[in-house]
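Note that the structure is predicted; figures quoted are calculated from it, not measured. In this chain, residues are counted from 1 in sequence order.
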Amino acid sequence: MSESPYERGTTHFGFRDVPATEKQKLVGQVFTSVARKYDLMNDLMSLGIHRAWKRYFTATCQVKPGDRVLDLAGGTGDIAALLKPRVGATGQIVLGDINAGMLSVGRDRLTDRGLVSGLEYVQCNAEKLPFPDGSFDLVTMAFGLRNVTDKDAALREIARVLRVGGQARVLEFSEVKAEWFRPIYDFHSFKVLPRLGQLFAGDAASYQYLAESIRKHPPQEQLKAMMEEAGLSRCGYVNLSAGIVAVHTGYKV
C-alpha cells in the first residue's frame, strides 16, 4: 500500500505546521488535559450556546426507534444522551472516541444518569473505523472533525459504515458570515478564551489550540465538497449563530 500524503508530509496543529504523523498524539494530549473540564471548555468557547446547538443537531437527525447510531468524537456523551430517547429501547448507540480519557468521562456521566442499556463504548480512530460496511443508520460527529488529521479519510469511513439510506451528520465550528461580528469573535477566541482557560482550567495552551483549530477547519462550502467527494450524496448544511457553527448533512445512496 502506498504512503498517504499525510504520512509523507505535514499538517496543521492549530496555526503550527507539524509532521502529520504527530498530530494525533498532540491532539490526544489536549483532550486528555481538558477531558474533565470539557463542558466548561465548550461553555467558554460558545458562551453556553453549544447546548442549544446540540439540541438542534440531534432533534433534526434522521433517526427512529430501533436504529443503530455511531456517535464519533462522542466521548462526552452529550449527543448520545439526546439521541437515546429517539432510538428507544430497541435501538443502539455506539460512542466512538480516539481518546480514552474522554470516553471514560462520557461513560461515567451517562451511567450516573441511569443510561446504560443500548449504549456501547469503542475507542477508535475515525480514519480507520473498526466496523463492517453498512453497520449504521446514522453517523454523527459533533465538534470532532476539525481535530482529525486526515479529514477526507474520516469522511470516507463514515460513508463506508453507513447503510444505504443512512444519514451522516457533522456539527462543527465554521466560518462566521456576519462581517461585523468577526472582530468580536476573533477577540473572544484569541484574547479572552486562553485567559479563561488558564483561570478556570489551568491550561491556556489547550484553549489556544482549540481556538486556532477552528480557523484552520474547512469552511462550509469546502466541507460540503469534501463530503461529496467521500461518497455522500444530497450534501448540504445549515448555519447556526451566523455561521459560528454549521450542521452538515449527507446520505448514503
Side-chain angles (χ1 to χ4, degrees), residues 28 31-32 34-39 41-42 50-145 147-148 154-172 227 230 232 238 245 247-253:
F31 281 90
T32 297
V34 304
R36 296 287 167 183
K37 299 279 189 179
Y38 192 75
D39 275 346
M41 179 194 78
N42 279 331
H50 72 98
R51 300 173 192 275
W53 295 334
K54 290 172 181 174
R55 286 195 295 271
Y56 175 87
F57 178 65
T58 53
T60 54
C61 281
Q62 174 186 288
V63 67
K64 63 186 185 301
D67 277 355
R68 190 162 188 250
V69 177
L70 172 62
D71 180 31
L72 291 170
T76 64
D78 290 350
I79 302 302
L82 290 167
L83 286 175
K84 188 68 176 72
R86 299 196 61 196
V87 302
T90 57
Q92 183 185 31
I93 299 177
V94 179
L95 282 81
D97 203 297
I98 197 170
N99 187 278
M102 293 292 292
L103 207 58
S104 176
V105 168
R107 183 176 59 243
D108 290 348
R109 290 176 58 190
L110 292 176
T111 301
D112 288 346
R113 294 173 61 176
L115 298 174
V116 178
S117 176
L119 293 169
E120 182 182 345
Y121 303 86
V122 177
Q123 186 175 359
C124 61
N125 185 341
E127 299 172 22
K128 299 176 182 178
L129 295 174
F131 307 107
D133 296 358
S135 299
F136 298 96
D137 301 288
L138 170 68
V139 179
T140 60
M141 194 173 198
F143 302 121
L145 185 61
N147 298 306
V148 174
L155 292 170
R156 287 194 299 270
E157 281 292 272
I158 288 171
R160 180 184 67 78
V161 301
L162 275 174
R163 292 171 180 156
V164 173
Q167 185 185 57
R169 299 271 284 181
V170 175
L171 172 63
E172 191 52 89
M227 291 177 71
L232 294 165
V238 175
V245 301
V247 177
H248 283 260
T249 304
Y251 296 86
K252 177 76 167 284
V253 299

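Nearest heavy atoms, P130 versus C124: CD-CB, 3.6 Å. Residues I93 and A80 share a closest heavy-atom pair of CD1-O, 3.5 Å. The nearest pair of heavy atoms linking A126 to V148 is CB-CG2, 4.4 Å. Considering all non-hydrogen atoms of both residues, Y56 and R169 come closest at O-NH2, 4.4 Å. The minimum heavy-atom distance between A81 and R113, with the atom names listed, is CB-NH1, 3.4 Å. Nearest heavy-atom pair, A154 versus L145, reported as atom, atom and distance to 0.1 Å: CB-CD1, 4.3 Å.
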- Item | Trace of the side chain to side chain contact (heavy atoms under 4.5 Å, CB included) decision for L110 with Y121 | CA-CA 11 Å; L110 292 176; Y121 303 86; 3.4 Å; yes
- Message: Between E172 and H248, does the side chain to side chain contact (heavy atoms under 4.5 Å, CB included) criterion hold? Intermediate values first, please.
- Response: CA-CA 8 Å; E172 191 52 89; H248 283 260; 5.9 Å; no
- Task: Start with the C-alpha gap between V245 and F57, add the side-chain angles, then the distance that decides, and say whether side chain to side chain contact (heavy atoms under 4.5 Å, CB included) holds.
- Result: CA-CA 11 Å; V245 301; F57 178 65; over 6 Å; no
- Dump the intermediate steps for side chain to side chain contact (heavy atoms under 4.5 Å, CB included) on L138 and V87, then the final yes or no. CA-CA 11 Å; L138 170 68; V87 302; over 6 Å; no
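Looking at L82 and K54, their side chains come closer than 4.5 Å, going by heavy atoms from C-beta outward. The closest side-chain heavy-atom distance from L72 to L129 is below 4.5 Å. Side-chain contact between F131 and V139: absent, with no pair of heavy atoms (C-beta onward) separated by less than 4.5 Å. Under the 4.5 Å side-chain criterion, counting only non-hydrogen atoms from C-beta, L83 is not in contact with D71. You'll find the side chain of L232 reaches within 4.5 Å of the side chain of L162, heavy atoms only.
Atom CE of M227 is separated from atom CZ of R156 by 14.0 Å, given to the nearest 0.5 angstrom. The distance from the CE atom of M102 to the CZ atom of R107 is 13.0 Å, given to the nearest 0.5 Å. Here CD1 of I98 is found 10.0 Å from NZ of K128. Values are rounded to the nearest 0.5 Å. Taking CD1 from I79 and SG from C61, the interatomic distance works out to 7.5 Å, rounded to the nearest 0.5 Å. From D97, atom CG reaches atom CD of Q123 across 8.0 Å, with rounding to the nearest 0.5 Å.
A donor-acceptor pair under 3.5 Å links the side-chain atoms of Q62 to the main chain of G165, judged by distance alone. Under a 3.5 Å cut-off, the side chain of D137 and the backbone N or O of R68 do form a donor-acceptor pair. With hydrogens and angles ignored, the 3.5 Å screen pairs a side-chain donor or acceptor of R163 with a backbone N or O of S135. With D108 contributing its side chain and V105 its backbone, the two residues share no donor-acceptor pair below 3.5 Å.
Salt-bridge formation is detected for the pair D133/R160: a Lys NZ or Arg NE/NH1/NH2 atom is positioned less than 4.0 Å from an Asp or Glu carboxylate oxygen. With respect to the salt-bridge test (charged N to carboxylate O, under 4.0 angstrom), the residues R109 and D112 do not qualify.
Aromatic ring pairs are classed by plane angle as parallel below 30°, tilted from 30° to 60° and perpendicular above 60°; the pair F143 and W53 is tilted.
Around CZ of R51, the count of heavy atoms belonging to other residues, nucleotides or ligands within 6.0 Å exceeds 12.
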